[in-house]
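It should be emphasised that the depicted structure is a prediction, and the values quoted were computed from it without experimental measurement. The figures here come from the full heavy-atom set of this structure, side chains too, leaving out hydrogens, waters and symmetry mates.
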2 protein chains.
Amino acid sequence: MDVAHRLRTEGYRMTPQRQLVWDALRRAERHLSAEEIHEQVVDIVPDFNLASVYRTLTLLGELGLANEVQVGDGRGYWEIAHDDDVVHLHCRVCRRVDHHQGELVAEIRNHLAGHHGFVSEDVDLVVHGVCAACDR
Amino acid sequence: MDVAHRLRTEGYRMTPQRQLVWDALRRAERHLSAEEIHEQVVDIVPDFNLASVYRTLTLLGELGLANEVQVGDGRGYWEIAHDDDVVHLHCRVCRRVDHHQGELVAEIRNHLAGHHGFVSEDVDLVVHGVCAACDR
DNA sequence: ATCGGTGCAAACAATTTGCATTAGA
DNA sequence: TCTAATGCAAATTGTTTGCACCGAT
């Protein structure tokens, strides 16, 4: 996915800072907080500012290129956008978040469809636990 | 459930403030923010302080008598504790949160049990959408 | 040359904490 | 009485905003 091009067609500009935030997300093996992204980028651009992380993440979110996930501590964690219907498996030890794709979320939608007259939009399924690597 | 007694056996004291916070949660038809609880109680105890709401909620949480749920805006919402395995149906219009009890969460646990070696602890399923009452 | 993006500092909002005072048991 | 709980104010933390300058197109 060419983010630079995508940004330009939407009337935004690609900047080194934005590129570096994007790179950090791509490279990440887990969801990153704004703070963590900032720490990575500031090594390369010393006066890089936290506010720019937030502005960039908000923008990427609006363009559907990145997502925020709440894992329960006040802060927000970010990841490259992916299909809506995934389960987040959140390891409380290493804090990594795995994605489990499958029919599960679709089943949840079906299951709820009949009842209550509740119109489901986003299904937000976060399972907290311990991942295989940390479980010993 | 006699909270006063429960508190005492754990070495805590029942105070008018704590009772009123508890009453607010019992009475509530939806999850309440700390601010909302404070607004209710301050009508009865004029100099009742927000910090006491937080301290009381934290305590009730530790005793397993109340739960916090994150619905996605930065703030925390509280409810009387209930069975773990419920789905939270969060209406984005009236902000009410319904509980849907059923085999759903158990199914999710089963579904995940085989895969990944991930050990599930809390299943946190929040479905965002529009409830029957608001859907028209 | 524009006008959008950045750094910086200040503003915010939700929650927490330190401390002197009050009040359950 | 004795120690936990409260009110109050100040401190923290995560995030947002205003503004003057900078730089991508």
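- Between atom CH2 of residue B/W78 and atom CG of residue B/L25 there is a gap of 9.0 Å, rounded to the nearest 0.5 Å.
- B/V127 and B/V93 fall into different hydrophobic clusters, where Ile, Leu, Val, Met, Phe, Trp and Tyr side chains are chained together by heavy-atom contacts under 4.5 Å.
- Proximity of A/L104 to A/V86: side-chain heavy atoms (C-beta onward) are nowhere separated by under 4.5 Å.
- Taking A/E121 as the reference, B/R92 meet the side-chain hydrogen bond (donor to acceptor under 3.5 Å, both in side chains) condition, with sequence neighbours excluded.
- Put simply, CG on A/L59 and CG on A/L65 are 8.0 Å apart, with the number rounded to the nearest 0.5 Å.
- Distance CG (A/L50) to P (D/dT17): 15 Å, rounded to an integer number of Å.
- Contacts of B/N49 with the nucleic acid, taken as non-hydrogen atoms under 4.0 Å apart, include base atoms.
- Chain A approaches DNA chain C over the interval C/dC3 to C/dC8, counting the first and last nucleotide 5' to 3' with an atom under 4.0 Å from its heavy atoms.
- Contact detail for A/V130 and A/C91: the closest heavy-atom pair is CA-SG, 4.1 Å.
- For the pair A/L7 and A/L63, the minimum side-chain heavy-atom distance is below 4.5 Å.
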Please list, for nucleotides 23-25 of chain D, all pairs of protein and nucleotide N/O atoms separated by less than 3.5 Å.
residue	atom	partner	partner atom	Å
D/dG23	N2	A/R13	NH1	2.5

Check nucleotides 10-13 of chain D against the protein and report each pair of N or O atoms closer than 3.5 Å, with its distance, or say if there are none.
none

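- One finds the CG atom of B/L20 at 5.0 Å from the CD1 atom of B/I44 (value rounded to the nearest 0.5 Å).
- Taking the six-membered ring for Trp, B/H100 and A/H111 have ring centres closer than 6.0 Å.
- Sorted by first and then second residue, the side chain to side chain donor-acceptor pair (under 3.5 Å) pairs with a member in residues 7-16 of chain A read A/R6-A/E10; sequence neighbours excluded.
- Annotation: side-chain hydrogen bond (donor to acceptor under 3.5 Å, both in side chains) contacts of A/Q101 (sequence neighbours excluded): A/D83.
- Rounded to a whole Å, the CD atom of B/Q19 is 15 Å from the P atom of D/dA5.
- The stretch residues 63-74 of chain A participates, sequence neighbours left out, in these side chain to side chain donor-acceptor pair (under 3.5 Å) pairs: A/D73-A/R75, A/D73-A/Y77.
- Atom pair A/E36:CD and D/dG14:C1' shows a separation of 13 Å (rounding to whole Å applied).
- B/R18 has its CZ atom 11 Å from the P atom of D/dA4, to the nearest Å.
- For A/F48, the ring pair (Phe, Tyr, Trp, His ring centres under 6.0 Å) test picks out A/H38, with sequence neighbours left out.
- Along DNA chain C, the nucleotide nearest to B/A51 and the one nearest to A/V45 differ in position, and the one closer to the 5' end is contacted by A/V45.
- Rounded to an integer number of Å, the gap from CG of A/D73 to C1' of D/dT15 is 14 Å.
- Using a 4.0 Å cutoff on non-hydrogen atoms, the parts of residues 52-64 of chain B near DNA chain D are B/S52, B/R55, ordered by number.
- Within the 4.5 Å cutoff, the side chain of B/D135 has no heavy atoms near those of the A/F118 side chain.
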Ignoring hydrogens and angles, write down the donor-acceptor pairs under 3.5 Å from the side chains of residues 28-36 of chain A, residues two or more places apart or on other chains.
residue	atom	partner	partner atom	Å
A/E29	OE1	A/R96	NH1	3.3
A/R30	NH2	A/E36	OE2	3.3
A/H31	NE2	A/E79	OE1	3.1
A/H31	NE2	A/H99	NE2	3.3
A/S33	OG	A/E36	N	3.2
A/S33	OG	A/E36	OE1	3.4
A/E36	OE1	A/S33	N	2.8
A/E36	OE2	A/R95	NH1	3.1

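- End-to-end axis angle of the helix from C/dA1-D/dT25 to C/dA14-D/dT12, using five pairs per end and rounding to 10°, comes to 20°.
- The stretch residues 39-65 of chain B participates, sequence neighbours left out, in these side chain to side chain donor-acceptor pair (under 3.5 Å) pairs: B/R27-B/Q40.
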